[in-house]
Protein chains: 2
Amino acid sequence: MATMRDVAERAGVSIATVSFVVNGTKRVTDATRARVEDAMRELGFRRNPVGAALANGRTRIIALLFPTLERTLSHTAVAFFTSAARRARERGYDLILWPIGSDIEHIDVLARGGLVDGVILMEVKLDDPRVAALAVNHVPFAMIGRTADPSGVPYVDIDMATSAREAYERLAALGHRDIAYVYSEGVQYDHGADARSRQAYREAAAAHGRPATLIPCAEHPTAGRELGERFAAEHPDATAVILLNEHAAPGLLAGLAQAGVRVPQDLSVLSLGSSAYMASMTDPPLSYLRTPGPELGELGFDAVLQRLTAPDEAPMQALLPCEYVPGDTMAAPRG
Amino acid sequence: MATMRDVAERAGVSIATVSFVVNGTKRVTDATRARVEDAMRELGFRRNPVGAALANGRTRIIALLFPTLERTLSHTAVAFFTSAARRARERGYDLILWPIGSDIEHIDVLARGGLVDGVILMEVKLDDPRVAALAVNHVPFAMIGRTADPSGVPYVDIDMATSAREAYERLAALGHRDIAYVYSEGVQYDHGADARSRQAYREAAAAHGRPATLIPCAEHPTAGRELGERFAAEHPDATAVILLNEHAAPGLLAGLAQAGVRVPQDLSVLSLGSSAYMASMTDPPLSYLRTPGPELGELGFDAVLQRLTAPDEAPMQALLPCEYVPGDTMAAPRG
DNA sequence: CTGAAAGCGCTTACAG
DNA sequence: CTGAAAGCGCTTACAG
């Protein structure tokens with residue numbers, strides 16, 4: 001483990017000069033640079049990022065916080081991470097996934113200690129204690145999602161209210177009058193996306209003078225299957241379902257088929273916030289409102305990066321729509 | 001951002017004493033400890049892990065390397081990570097997911113620089129350059145998976161050869177004679193688990209005096225669906241399929257149904273290396289050989305930890321079997 | 001039981 | 001263009 005001192009000695013220069021060469025941070029004559037580079041190669045030198053971090057307070061590492069231990073990481077959620085990681089790489093940063101939940105103590109040891117330059121929060125709640133903790137400690141961060149009042153805080157989020165309304169209106173336009181809503185059981189009530197779309201569903205139903213039918217379902221295909229099998233018995237009037245639980249989707253359709261409910265002839269299903277991958281997991285393939293996962297991942301990274309490079313600019317605040325992708329699970333209600 | 005120096009001043013002690021209190025690393029009188037703890041509380045002190053890491057060479061962070069940018073992170077793969085993270089937490093460590101592939105340069109900057117204490121490799125190839133790079137640099141690591149010759153290197157792996165053989169034998173015992181094998185297209189040919197099970201399939205077929213039928217399929221439900229739809233036409237003799245591509249499974253069954261192939265009456269399907277979650281995504285639910293994901297995640301962490309705490313002990317080398325879980329996709333061949 | 005001091009591997013004004 | 005030196009925030013023998 002050669003250090004800069006070793007390289008400096010071998011090259012006959014000061015360690016400052018080695019640092020300049022390594023980081024390209026100051027002009028160095030070609031001859032000197034060549035000597036230093038030879039020495040580095042001969043010794044197999046690699047800069048120790050911990051030393052660098054302590055000296056200049058930067059690691060070029062951004063952490064994405066996702067509570068994997070509390071919430072299942074869906075394929076769609078993985079897309080956020082992957083696209084953010086790709087963008088980070090393009091910008092010369094590293095993105096890591098840190099599986100911590102709301103353990104604030106833990107969070108700011110990591111973040112404020114300088115191990116990472118910034119943080120991206122996922123699974124943001126309406127009232128999220130992590131936001132205050134990070135802000136107080138001056139840790140640069142951005143949210144993918146947003147709190148109830150995100151003023152002044154950088155975020156990129158899905159416009160769930162609009163999307164939920166769109167889902168309702170699309171089904172209503174086909175002639176559906178009894179539209180139920182299946183959500184993820186076990187998701188905290190104040191989970192941002194969940195709460196907002198539930199609320200929008202309620203309002204849309206009210207606007208149409210219809211009751212709201214909220215049906216919980218665990219985030220697992222087996223739970224979906226069970227729901228599908230008993231659905232017709234429990235909700236005989238419903239002709240359409242808005243689904244905000246992609247883990248349950250394949251099971252739900254299988255269970256419905258099992259119980260003799262034909263999709264879409266007897267029941268339309270519209271998945272709210274899904275991806276091509278998950279939508280094509282079901283039979284028939286789902287009609288869905290596509291989560292702009294890759295876009296949000298990239299923007300999320302850009303949003304933290306902006307905090308680092310241009311802290312005086314107004315924070316990025318972006319709300320992206322879901323895009324409707326037709327599948328084979330929507331039709332007009334029967335006669 | 002109060003430092004230890006600040007705390008020491010306020011408490012009227014030396015920073016050494018503060019360090020002893022923070023880390024519980026030396027006996028301190030109750031009175032002194034109380035003064036230090038008060039000062040820490042008043043100043044909102046948190047130990048800076050970068051300073052600590054530079055001084056003692058440890059961060060209590062382990063990185064799991066998974067090439068998310070090159071390979072889709074399946075739900076089953078996420079289970080490895082989650083269980084390793086949970087175990088890490090139990091042991092007072094943090095586990096992070098670092099999405100880097102075979103970029104060796106990158107790897108040892110991170111690992112050897114002391115940012116992390118150790119590394120867990122996933123997606124190990126038969127001849128994997130990362131192994132040599134880490135070994136040369138004395139980075140403690142363990143593999144989940146293994147190279148062609150893993151002697152002396154710590155690993156935990158699935159016994160894919162035995163599992164693939166078991167898959168074949170189970171189908172053969174039901175009376176199947178034409179058993180095809182569907183693998184993940186795009187997975188490098190020397191991916192350990194993939195190569196080993198493919199080879200075992202070939203050998204099992206040969207032992208039964210039957211030809212080997214290897215069918216590639218991309219890791220996506222849509223690819224599975226297309227394969228399902230054309231399967232009967234292209235492989236009219238096959239009465240059973242061993243599947244090592246869980247992304248394609250739901251689509252494959254949907255495509256088969258679409259083409260009028262009944263599972264399991266016309267075709268048996270046995271998924272090799274899957275989880276309850278993925279198996280219940282399909283209709284009907286898959287029969288499968290269960291990947292011991294949670295077990296491997298935990299053991300993988302233990303294997304690196306052992307390198308840190310007992311470097312002189314023989315490295316852990318464990319091979320875990322898959323367990324057969326009956327579903328609804330296996331039956332005797334018709335006629 | 002507690003403290004003074006060296007050191008971990010870098011970066012970065014400040015001189016020259 | 002290059003170097004000497006202070007400093008980033010800790011830990012840890014070594015004394016006392």
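Sequence lines set the chain letters: A, B, ... in the order given, protein chains first and strands last, and positions in each chain run from 1. What you see is a predicted model; the values in this text were computed from it and never measured.
Side-chain N/O atoms of Thr59(B) and Asp117(B) include a donor and acceptor closer than 3.5 Å.
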**Request:** Report the secondary structure of DNA chain C in dot-bracket form, marking unpaired bases with a dot and bases paired to a different strand with |, and treating Watson-Crick or G-U pairs with both distances under 3.5 Å as paired.
**Result:** |||.||||||||.|||
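Side-chain nitrogen and oxygen atoms of Ser14(B) include none within less than 4.0 Å of the OP1 or OP2 phosphate oxygen of dA4(C). Proximity of Thr29(A) to the phosphate of dT2(D): a side-chain N or O atom is located under 4.0 Å from OP1 or OP2.
Residue pairs meeting the side chain to side chain donor-acceptor pair (under 3.5 Å) criterion with at least one partner in residues 301-311 of chain A, sequence neighbours excluded, are Arg87(A)-Asp302(A), Gln306(A)-Glu313(A). Applying the side chain to side chain donor-acceptor pair (under 3.5 Å) definition to pairs two or more places apart or across chains, those involving residues 7-21 of chain A are Arg10(A)-Glu42(A), Ser14(A)-Thr17(A), Ser19(A)-Asn23(A). The salt bridge (charged side-chain N to carboxylate O under 4.0 Å, His left out) analysis of residues 15-27 of chain A, with sequence neighbours excluded, yields no pairs. Sequence neighbours left out, the pairs with a member in residues 63-87 of chain B that pass ring-ring contact (aromatic ring centres under 6.0 Å, His included) are His75(B)-Tyr277(B).
In this structure Tyr93(B) satisfies the ring-ring contact (aromatic ring centres under 6.0 Å, His included) test together with Phe301(B), sequence neighbours excluded. Every side-chain hydrogen bond (donor to acceptor under 3.5 Å, both in side chains) that Asp149(A) has, sequence neighbours left out, goes to Ser151(A). Considering only residues two or more places apart in sequence or on other chains, Ser83(A) meets the side-chain hydrogen bond (donor to acceptor under 3.5 Å, both in side chains) condition with none of them.
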**Request:** Go along nucleotides 7-16 of chain C 5' to 3' and tag each nucleotide: B for a protein heavy atom under 4.0 Å from its base, S when only backbone or sugar atoms are that close, - otherwise.
**Result:** BBBBBB-B--
